[in-house]
Every structure is written in structure tokens, then in C-alpha cells.
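Please read the structure below before turning to the comments.
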Amino acid sequence: MEQRKKYLGTVYLVGAGPGDPGLMTLKGKALLECADVVIYDALVSPQILAMINPQAEKIDAGKRMGRHSLLQEETTYLLIEKAQTEAIVVRLKGGDPFVFGRGGEEMEDLVKAGVSVEVVPGITSGIAAPAYAGIPLTHRSYSSSVTFVTGHEAAGKYRPAVNWSAIAHGSETIVIYMGVHNLPYIAEQLQIAGLSGETRVGLVRWGTRPEQQELYGTLGTIVKLVEENQFGAPAIAIIGSVVNLHSILSSCRP
């Protein structure tokens with residue numbers, strides 16, 4: 001009978017939040033301060049990285065469009081390897097590990113390998129970025145439902161494409177992660193599905209950070225506005241009538 005490897009350490013999948021260091025959880029901060037190794041993503045802010053134990057080994061595993069520091073398989077293998085010799089291994093992920101953060105995939109592989117693993121949730125950018133822009137995702141007068149969806153799908157995934165027709169009619173507010181690159185296609189598909197070209201759209205780039213930027217338009221105009229303003233990733237897209245509240249509530253944002 002094959003004997004499983006024994007591991008000294010525990011891997012903690014820690015959500016770093018959207019960038020504002022004040023939104024980092026106390027548990028996540030405590031783990032960073034005593035970590036032996038921290039393997040972090042590209043979207044983790046410098047202020048969060050500054051919380052890491054100065055003696056800890058720091059490894060950049062960041063993934064951005066067109067640039068991968070480590071392949072996903074390499075990152076998982078590295079976590080397993082580090083757990084053999086280090087007590088506290090932190091996998092630091094932007095936002096929340098289980099919301100379009102591949103945390104479920106990594107945890108599944110770690111559990112299969114016999115590694116002890118815990119999740120420390122973080123505030124996801126799909127909630128925080130709209131809030132800092134003065135856009136409530138739900139409001140009794142505008143929206144009683146919200147859908148979170150990725151605008152950037154992996155090749156070879158469990159199904160070939162997001163059903164944008166179902167998304168269009170599934171709720172009153174749509175929040176799209178990683179959608180700027182595919183925004184022309186997404187805006188077209190939502191209109192084909194029946195959403196009006198006048199449907200309000202807000203884009204929030206680097207949400208909750210000092211460099212936060214916003215762009216507002218409609219499904220019919222937003223693609224042109226993105227091109228004209230050279231508005232790039234990383235950004236969250238919010239679609240629905242709640243976007244109108246930005247003009248009222250943005251003056252009260254943090």
C-alpha cells in the first residue's frame with residue numbers, strides 16, 4: 001500500500017481583498033505577519049505585501065493578461081513542496097480565493113495531495129469596487145437581485161461559454177469580473193439577448209485603491225468610450241439601473 005507523504009505545514013488560502021489595506025481581514029493580516037512563505041498574486045496591492053513577515057520567503061506567482069509568472073500547475077506544485085518544510089505557507093490571492101480566484105482548484109489539489117489547508121475569505125472586488133464608486137448592487141427601488149460572472153473564460157473549461165442570454169434575464173444587476181478585454185463581445189451579446197442599448201454600465205478600475213478610475217456609459221456606448229479613454233484592465237463592470245446612483249452616492253465614498 002502506497003504511503004502518503006507527511007507534511008510539516010498548513011497552506012492558508014488567504015483573500016487579500018481588493019487593494020485597500022483597511023479591507024484586509026484581521027485573520028489574514030495575522031497570518032502574513034507570521035508566515036514562513038507567501039506565494040502571492042499580481043493584483044495584491046503593495047500595501048498588503050508590506051504586511052508580510054520580513055523574514056518570510058516571498059514568491060510572485062502573479063497572472064495577468066499575456067503574462068504569467070508561474071503556470072497554475074507550477075503554483076500548486078510549489079505549495080505542496082513548501083508545505084513539506086515550512087509550517088505556515090500563505091497563498092495570498094487578490095479579492096476572495098473562492099470568487100474567480102482559482103482557490104477551489106488549488107484547494108482541491110492540495111487536499112488530494114494530503115496537505116492540510118484552510119481558507120481565509122477576503123472581500124471580493126465585485127462588491128468593494130462598486131461600493132467605493134457609490135454603486136449599491138442592490139436597492140429596493142432598483143434591484144433585488146445580482147449576478148456575478150467572469151468575462152474571461154479558461155480554454156477547455158467544463159462548458160464552452162457563458163450563457164449571456166440567461167445572464168441578461170437572470171437578475172437586475174450584472175457584475176462582470178475581468179471583462180474589459182472581451183467587452184465588445186459581451187455588450188453585443190447582452191443586447192442580442194434583449195437588453196436595451198441604453199442600459200447603464202459602470203467600469204471601475206483598480207477599485208478601492210488611491211489610483212481608482214471610473215468610466216460610465218451604456219451598453220451602446222461603453223465600448224467606444226473604453227477605446228477613446230484607453231481604459232484597461234483590471235476593472236469590474238457593473239450593468240443595470242443601480243449605476244445611476246453613482247451620481248448621488250459617489251460623493252460619500254471612502
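Side chain of S247 to main chain of N244: a donor-acceptor pair is present (N/O by atom type, distance under 3.5 Å, no hydrogens or angles). Side-chain atoms of S171 come within 3.5 Å of backbone N or O of T147 as a donor-acceptor pair. The main-chain N or O of V242 is never found under 3.5 Å from a side-chain atom of H139 such that the two would form a donor-acceptor pair. Between the side chain of T218 and the backbone N or O of G197 there is at least one donor-acceptor pair closer than 3.5 Å.
A donor-acceptor contact closer than 3.5 angstrom links the side chains of Y132 and D20. In summary, the side chains of Y142 and T173 do not present any donor paired with an acceptor at a separation below 3.5 Å, with no hydrogens or angles considered. Side-chain contact check for T199 and S196: no donor-acceptor pair (N or O, by modelled atom type) lies under 3.5 Å.
Using a 4.5 Å cut-off on side-chain heavy atoms (C-beta onward), T124 and P18 make no contact. Between L137 and F148, some side-chain heavy-atom pair lies under the 4.5 Å cut-off. Using a 4.5 Å heavy-atom cutoff, the side chains of M51 and P21 are in contact.
Under a cut-off of 6.0 angstrom, the local environment of NZ in K58 is crowded, with over 12 non-hydrogen atoms contributed by other residues, nucleotides or ligands.
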Derivation and outcome, side-chain hydrogen bond (donor to acceptor under 3.5 Å, both in side chains), residues T75 and E106 | CA-CA 9 Å; T75 300; E106 292 180 4; 5.5 Å; no
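Between Q84 and L8, the shortest heavy-atom contact is O-CB, 3.7 Å. The two residues A129 and G207 come nearest to each other via the heavy atoms CB-CA, 3.9 Å.
Residue pairs satisfying the ring-ring contact (aromatic ring centres under 6.0 Å, His included) criterion with at least one member in residues 14-46, sequence neighbours excluded, are absent.
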Show the atom names and distances, to 0.1 Å, of all donor-acceptor pairs under 3.5 Å that link a side chain in residues 222-239 to residues at least two apart or in another chain.
| from | atom 1 | to | atom 2 | distance (Å) |
| --- | --- | --- | --- | --- |
| N229 | ND2 | L225 | O | 2.8 |

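Between E214 and R205 there is no salt bridge, since no side-chain nitrogen of the basic residue lies less than 4.0 Å from a carboxylate oxygen of the acidic one. Between D41 and R91 there is a salt bridge, since a side-chain N of the basic residue sits under 4.0 Å from a carboxylate O of the acidic one.
With Y12 as reference, I88 is the one residue of V119, V117, I88, V89 to meet the side chain to side chain contact (heavy atoms under 4.5 Å, CB included) rule.
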